[in-house]
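Just below is one structure, and these are the notes that go with it.
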2 protein chains.
Amino acid sequence: MGASQAKQLNSSEPRTQSQDSRDEILKAAMQLFANRGFHETSMSEVAREAQVSKALIFWHFKTKEELFVAVLKRLLEPYFIDFAEEAAMDERAQIEKLVEAYLLFVRDNASSVRFFLAQMLHDERLSESLSDQVLKLYSGYRAMLVELIGRAQQKGICARRTAPESAAAFLLSALNGLLIEYLFMGANAVDPEGAVAMVAEWLFGILPGSSSTEGGGAPAA
Amino acid sequence: MGASQAKQLNSSEPRTQSQDSRDEILKAAMQLFANRGFHETSMSEVAREAQVSKALIFWHFKTKEELFVAVLKRLLEPYFIDFAEEAAMDERAQIEKLVEAYLLFVRDNASSVRFFLAQMLHDERLSESLSDQVLKLYSGYRAMLVELIGRAQQKGICARRTAPESAAAFLLSALNGLLIEYLFMGANAVDPEGAVAMVAEWLFGILPGSSSTEGGGAPAA
DNA sequence: AATCCGGCTAACCTTTCGGTCAATGGCAAC
DNA sequence: GTTGCCATTGACCGAAAGGTTAGCCGGATT
């Protein structure tokens with residue numbers, strides 16, 4: 001049960017009472033859709049949860065699907081975090097930071113991540129726009145990884161000599177694997193720190209220690 | 001126009017005509033459930049698809065849920081393949097074979113894998129038994145990996161010195177990552193051969209060539 | 001004061017859902 | 001032929017689904 005969503009309201013907009021009820025509906029729908037799914041959630045339930053009449057929901061949203069995509073949109077908001085590339089860090093530290101950010105994000109938003117994943121797997125039609133956005137996020141993340149790995153290789157701090165694209169793809173696969181492991185096994189099965197260390201070892205060499213180390217030799221057989 | 005579809009029957013069991021219809025129902029339900037999901041599939045649809053009356057379905061299966069778990073059971077059958085450990089191979093070849101088997105299986109059963117994944121993510125209650133079985137399969141696979149890696153380390157053919165459990169966990173994560181990549185991006189995004197090579201490189205050293213089996217290395221996309 | 005309109009609701013509509021039931025055809029045993 | 005069971009069916013049921021409609025209410029506009 002993720003708390004933590006207080007929608008910032010711009011004091012500039014006067015916030016009519018209509019928006020209040022609309023918000024209440026969205027909040028209720030968010031909870032229900034995320035926990036039970038689209039088809040298993042009825043409009044009457046949403047109405048009850050939001051403490052409004054069912055008709056009011058249809059006044060705000062033409063159809064159930066429209067409400068659903070509105071909910072998707074709102075649920076997606078926390079996903080647009082910007083990974084501020086701190087220029088001070090070297091590539092290794094940046095990559096480690098990126099990986100850690102991914103895992104921490106998944107941990108903090110597990111319920112909505114699970115929901116999105118299930119939704120995209122299941123209802124391709126209903127969640128086309130969702131898939132688009134998630135895919136965009138995903139490839140943005142991948143692009144950052146590719147670039148960082150490329151730079152690291154040029155600087156010679158990277159042990160792997162595979163094409164940055166392949167390395168990033170493999171790395172992302174590992175992350176996604178950890179994601180689903182997390183979703184099924186729960187928190188105890190995955191520790192971000194350990195994963196970061198493993199990734200670092202894979203990419204940079206055998207040293208598991210801190211990121212300050214320079215020039216890891218190829219591990220070789 | 002009833003029976004006649006060629007279902008292999010064990011000559012030992014006489015196969016009543018009831019079993020025929022039951023089979024037809026299961027076949028139809030399998031298709032519909034897998035393509036649309038549980039809640040989006042109605043019993044009337046199943047009946048129409050199976051060309052029987054709705055009442056007959058309820059004669060064979062007490063409830064919709066009972067039909068569903070029967071379908072799950074049947075869909076799970078191809079998952080129980082035995083990885084015949086060919087004692088002739090060395091550990092490296094065995095591990096590569098195992099990894100390849102995983103990926104090939106996913107490719108060949110993509111639709112049901114997707115279905116199971118979505119189902120388990122979404123409807124924990126409905127698919128408890130499913131989760132149990134999948135989990136059992138999964139940990140069996142993991143156990144084989146752990147043992148193989150352990151033996152490989154003892155023999156000295158393994159480059160990684162991480163605990164076999166950790167190595168296997170990471171490897172499995174990578175595989176699962178490839179799985180979901182495959183489910184979303186489609187066939188073109190993932191090539192098993194390349195992945196096997198990458199895994200081999202990671203575990204055993206830099207040599208990309210496989211030890212015993214022939215592998216036509218396709219260039220990465 | 002009369003009007004208008006955005007926000008809101010109770011009641012209602014149609015369709016479909018999962019599930020039941022009484023009735024029936026076919027077929028083997030007697 | 002009759003009995004009796006298995007397999008099968010069409011008709012039916014109450015509940016709940018998504019969605020509509022007519023109308024109420026209260027504040028701003030004239």
Side-chain angles (χ1 to χ4, degrees), chain A residues 9 13-72 119 122-123 125-127, chain B residues 1-5 7 9 13-72 119 122-123 125-127:
Chain A
L9 61 90
E13 298 183 24
R15 174 147 278 270
T16 74
Q17 81 190 109
S18 149
Q19 282 169 319
D20 267 348
S21 69
R22 190 190 150 97
D23 224 63
E24 217 60 35
I25 291 168
L26 271 175
K27 231 175 60 186
M30 218 165 71
Q31 234 213 65
L32 289 169
F33 280 144
N35 293 347
R36 301 143 84 95
F38 178 76
H39 297 276
E40 299 88 315
T41 300
S42 75
M43 296 302 261
S44 314
E45 279 176 306
V46 175
R48 192 182 327 125
E49 194 73 17
Q51 287 173 275
V52 295
S53 71
K54 196 174 53 162
L56 181 58
I57 304 182
F58 284 99
W59 189 84
H60 279 297
F61 309 91
K62 265 187 272 288
T63 69
K64 187 185 179 185
E65 294 203 9
E66 192 178 305
L67 170 61
F68 186 66
V69 310
V71 165
L72 286 189
Q119 191 59 42
H122 180 59
D123 243 327
R125 194 199 108 256
L126 237 178
S127 24
Chain B
M1 1 205 165
S4 74
Q5 259 320 334
K7 160 80 183 183
L9 59 90
E13 297 186 24
R15 175 147 277 271
T16 75
Q17 81 191 106
S18 150
Q19 281 170 318
D20 268 347
S21 69
R22 189 191 151 98
D23 224 64
E24 219 61 32
I25 291 168
L26 270 174
K27 232 175 59 187
M30 218 166 71
Q31 234 212 65
L32 288 169
F33 280 144
N35 293 347
R36 308 172 190 250
F38 179 76
H39 296 277
E40 300 87 315
T41 300
S42 74
M43 296 302 261
S44 315
E45 280 176 306
V46 175
R48 192 184 325 125
E49 194 73 17
Q51 288 172 276
V52 295
S53 69
K54 195 175 57 162
L56 182 58
I57 303 182
F58 283 98
W59 187 84
H60 280 296
F61 309 90
K62 264 186 273 286
T63 69
K64 187 185 181 186
E65 295 202 7
E66 191 178 306
L67 171 61
F68 186 66
V69 309
V71 165
L72 285 189
Q119 190 61 41
H122 180 58
D123 243 328
R125 193 199 110 255
L126 237 178
S127 22

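Reminder, nothing fancy here: chain letters follow the sequence lines and each chain counts from 1.
When all heavy atoms of S53(B) and A47(B) are compared, the closest pair comes out as C-CB, 4.0 Å. Here the closest non-hydrogen pair linking V46(A) and A28(A) is O-CB, 4.0 Å. Residues H122(B) and G37(A) approach most closely at CE1-CA, 3.4 Å, considering heavy atoms.
Non-hydrogen atoms lying under 4.0 Å from DNA chain C are contributed by nothing in residues 61-71 of chain A. Contacts between residues 33-41 of chain B and DNA chain C, counted as heavy-atom distances below 4.0 Å, involve T41(B). Looking at residues 46-55 of chain A, you'll see K54(A), A55(A) sit with a heavy atom under 4.0 Å from some atom of DNA chain D.
With rounding to the nearest 0.5 angstrom, the CD1 atom of I57(B) is 12.0 Å from the CZ atom of R22(B). Separating the CD atom in E40(A) from the CG atom in D123(B) is a distance of 5.5 Å, to the nearest 0.5 Å. Expressed to the nearest 0.5 Å, how far CG of D20(B) lies from CD1 of I25(B) amounts to 11.0 Å. Atom OG1 in T41(B) sits 9.5 Å away from atom NE2 in H39(A) (nearest 0.5 Å). Separation of atoms CG (L126(B)) and CG (L72(B)) is listed at 8.0 Å; rounding is to 0.5 Å. Annotation: the span from M43(A) atom CE to L32(A) atom CG amounts to 11.0 Å, rounded to 0.5 Å.
For dC8(C), one of the phosphate oxygens OP1 or OP2 lies less than 4.0 angstrom from a side-chain nitrogen or oxygen of S21(A). The side chain of S42(B) places no N or O atom within less than 4.0 Å of a non-bridging phosphate oxygen (OP1 or OP2) of dT16(C).
Across dA7(D), dG18(C), dG18(D), the shortest atom-to-atom separation from the side chain of L56(B) is found for dA7(D). Of the listed nucleotides (dT20(C), dT8(D), dG18(D)), dT8(D) has the atom at the smallest distance from the side chain of H60(B).
Put simply, CD1 on I57(A) is 10 Å from P on dT9(C), counting in whole angstrom units. The separation between I25(A) atom CD1 and dG7(C) atom C1' is 11 Å, rounded to whole Å. Here dT9(D) presents its P atom at 12 Å from CD of E24(B), a figure rounded to the nearest Å. Protein atom CE of M43(B) is 7 Å distant from nucleotide atom P of dG18(C), rounded to whole Å. The separation between W59(B) atom CH2 and dA23(C) atom C1' is 16 Å, rounded to whole Å.
Among residue pairs with one or both ends in residues 45-67 of chain B, those qualifying as salt bridge (charged side-chain N to carboxylate O under 4.0 Å, His left out) are R36(B)-E45(B), E65(B)-R125(B); sequence neighbours excluded.
For the pair L26(A)/F61(A), a side-chain contact is recorded, criterion being any heavy-atom separation below 4.5 Å from C-beta on.
Consecutive Watson-Crick or G-U pairs involving DNA chain D, each under 3.5 Å on both distances, make up stems of three or more pairs at C:1-30 with D:1-30.
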Detail all sub-3.5 Å separations between protein N/O atoms and N/O atoms belonging to nucleotides 22-25 of chain D.
none

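Considering only residues two or more places apart in sequence or on other chains, F68(B) meets the ring pair (Phe, Tyr, Trp, His ring centres under 6.0 Å) condition with F33(B), F38(B).
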